[in-house]
Amino acid sequence: MGKVIVLASGKGGTGKSTVSVGLAVALVKLNKKVLLVDCDSGMRGVDLMLGVEKELIYDVSDAVGGGCDKSAAIYVTQNIYGLYMMPAALSADDEVSPSVLKELINEIKHEYDYIIIDSPAGTGSGFEAAAAAADRALIVINPEPTSVRGCLNIRRKLTEMGIDDARLVINRFWPERFRAMGIYHDIDDLIDTAQTQLIAIIPEDVQIAAIAQRGESGQKSVPSMEAFRNLAARIEGFNPPLAKKILGI
Ligand code: ADP
Ligand code: MG
């Protein structure tokens with residue numbers, strides 16, 4: 001039975017979609033069959049990141065509303081063999097409800113090793129729908145206070161929803177800037193403030209958008225890929241060290 005992971009953040013733009021894609025690609029490289037579901041209705045972007053935007057006809061709202069067969073809203077990505085995606089609705093008016101999305105995910109999860117759900121920022125109804133079927137959550141923050149506060153809000157909401165398995169992903173980490181900001185004493189101070197167990201630190205990486213476009217061949221040259229490989233290994237239950245060399249910490 002596939003494990004269902006929701007990507008969340010209290011604040012917008014922390015990198016949920018980017019981390020969803022990086023994690024999905026890294027899990028596929030571990031020979032896992034992965035479905036990436038975009039639940040950010042009205043702001044969909046995973047299709048663009050995976051280069052499938054021109055093929056799309058149906059989306060998640062059609063799949064739950066009976067507008068198409070479920071399988072018709074699932075697209076094969078050309079570059080990454082083993083990675084499938086379901087796009088979000090184009091219009092925010094077509095947001096799906098938590099119960100119907102949960103039902104859909106429960107119906108299809110036996111076909112995958114992992115279902116990764118990319119959610120809209122915040123704790124609103126879109127996030128509730130995205131998280132409804134999740135076994136665990138990854139909360140994506142940037143190393144700054146408003147983002148950390150957003151993490152605490154998400155934790156509260158997850159607890160209300162009965163999801164206790166939440167881990168912290170620190171994204172866009174850049175050691176020199178982190179030190180120069182002078183807000184947190186060190187990484188442990190940041191993690192303590194977020195009150196959430198760390199699972200990954202993803203470095204600031206100007207090439208990060210290329211992860212899904214490079215397909216099988218070029219990924220080694222994307223600096224953040226090592227961090228995504230470590231994240232995928234941790235999700236699989238292994239315990240690799242954090243990418244300390246890249247991060248310089
Ligand atoms: P969200 O889904 O949380 O709104 P996105 O994944 O769309 O955030 O990312 C927001 C922006 O930040 C994008 O332009 C993306 O390329 C950039 N970005 C995300 N993570 C990183 C990173 N580790 N290094 C550099 N840029 C990043
Ligand atoms: Mg997004």
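Side-chain atoms are counted along with the backbone in the values below, which use heavy atoms only and exclude waters and symmetry mates. Whatever order the structure lists them in is the order used to number ligands and atoms, beginning at 1. Keep in mind the model is a prediction, meaning the values are calculated, not measured.
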Novice: Please say whether more than 12 non-hydrogen atoms of neighbouring residues, nucleotides or ligands are located less than 6.0 Å from NZ in Lys102.
Specialist: no

Novice: Are a donor atom and an acceptor atom from the side chains of Ser17 and Asp118 found within less than 3.5 Å of each other?
Specialist: yes

Novice: With distance as the sole test, does Asn142 use its side chain to make a donor-acceptor pair with the main-chain N or O of Thr14 at under 3.5 Å?
Specialist: yes

Novice: Just wondering, more than 12 heavy atoms not from Arg167 lying within 6.0 Å of its CZ?
Specialist: yes

Novice: Under 4.0 Å from any heavy atom of Thr14, which atoms of ligand 1 are there?
Specialist: 3 (O)

Novice: Please indicate, with yes or no, if any protein heavy atom is found under 4.0 Å from atom 8 (O) of ligand 1?
Specialist: yes

Novice: Is a donor on one side and an acceptor on the other found under 3.5 Å between the side chain of Thr196 and the backbone of Ala194?
Specialist: yes

Novice: Nearest protein heavy atom to atom 25 (C) of ligand 1, by residue and atom, and its distance?
Specialist: Asp205 O, 3.2 Å

Novice: Does Pro203 come within less than 4.0 angstrom of ligand 1, counting non-hydrogen atoms of the residue?
Specialist: yes

Novice: Do the side chains of Lys157 and Glu160 get close enough for a salt bridge, i.e. N-O under 4.0 angstrom?
Specialist: yes

Novice: Is it true that Glu111 and Lys33 have a side-chain N and a carboxylate O under 4.0 angstrom from each other?
Specialist: no

Novice: Quick one: which ligand 1 atoms are inside 4.0 Å of a heavy atom on Gly15?
Specialist: 1 (P), 3 (O), 5 (P), 6 (O), 8 (O), 9 (O)

Novice: Atom 11 (C) of ligand 1: which protein heavy atom is closest, and how many Å away?
Specialist: Arg172 NH1, 4.2 Å

Novice: Answer with side chain, backbone, both or neither: which part of Asn171 has a heavy atom less than 4.0 angstrom from an atom of ligand 1?
Specialist: side chain

Novice: Give the total of protein N/O/S atoms at a distance below 2.8 Å from the Mg ion (ligand 2).
Specialist: 1

Novice: When you measure from the heavy atoms of Gly13 to every atom of ligand 1, does any distance fall below 4.0 Å?
Specialist: yes

Novice: Is there a donor-acceptor pair under 3.5 Å between the side chain of Thr159 and the backbone N or O of Arg155?
Specialist: yes

Novice: Please check if any side-chain donor atom of Gln195 sits under 3.5 Å from a side-chain acceptor atom of Thr193, or the reverse.
Specialist: no

Novice: Specify side chain, backbone, both or neither for Thr18, according to which of its non-hydrogen atoms lie closer than 4.0 Å to ligand 1.
Specialist: both

Novice: Within the 3.5 Å criterion, strictly below it, is a donor on Ser147 or Lys11 matched to an acceptor on the partner's side chain?
Specialist: no

Novice: Which bit of Ala209 gets closer than 4.0 Å to ligand 1, counting heavy atoms only: side chain, backbone, both or neither?
Specialist: neither

Novice: Go through ligand 1 atom by atom and flag the ones less than 4.0 Å from a non-hydrogen atom of Lys16.
Specialist: 1 (P), 2 (O), 3 (O), 4 (O), 6 (O), 8 (O)

Novice: Look at atom 13 (C) of ligand 1 and say whether a protein heavy atom is found at less than 4.0 angstrom from it.
Specialist: no

Novice: With a sphere of 6.0 Å drawn around OH of Tyr58, does it hold more than 12 non-hydrogen atoms of other residues, nucleotides or ligands?
Specialist: no

Novice: Measure up the Tyr184 and Phe178 rings against each other and bin them: parallel (under 30°), tilted (30 to 60°), perpendicular (over 60°).
Specialist: parallel

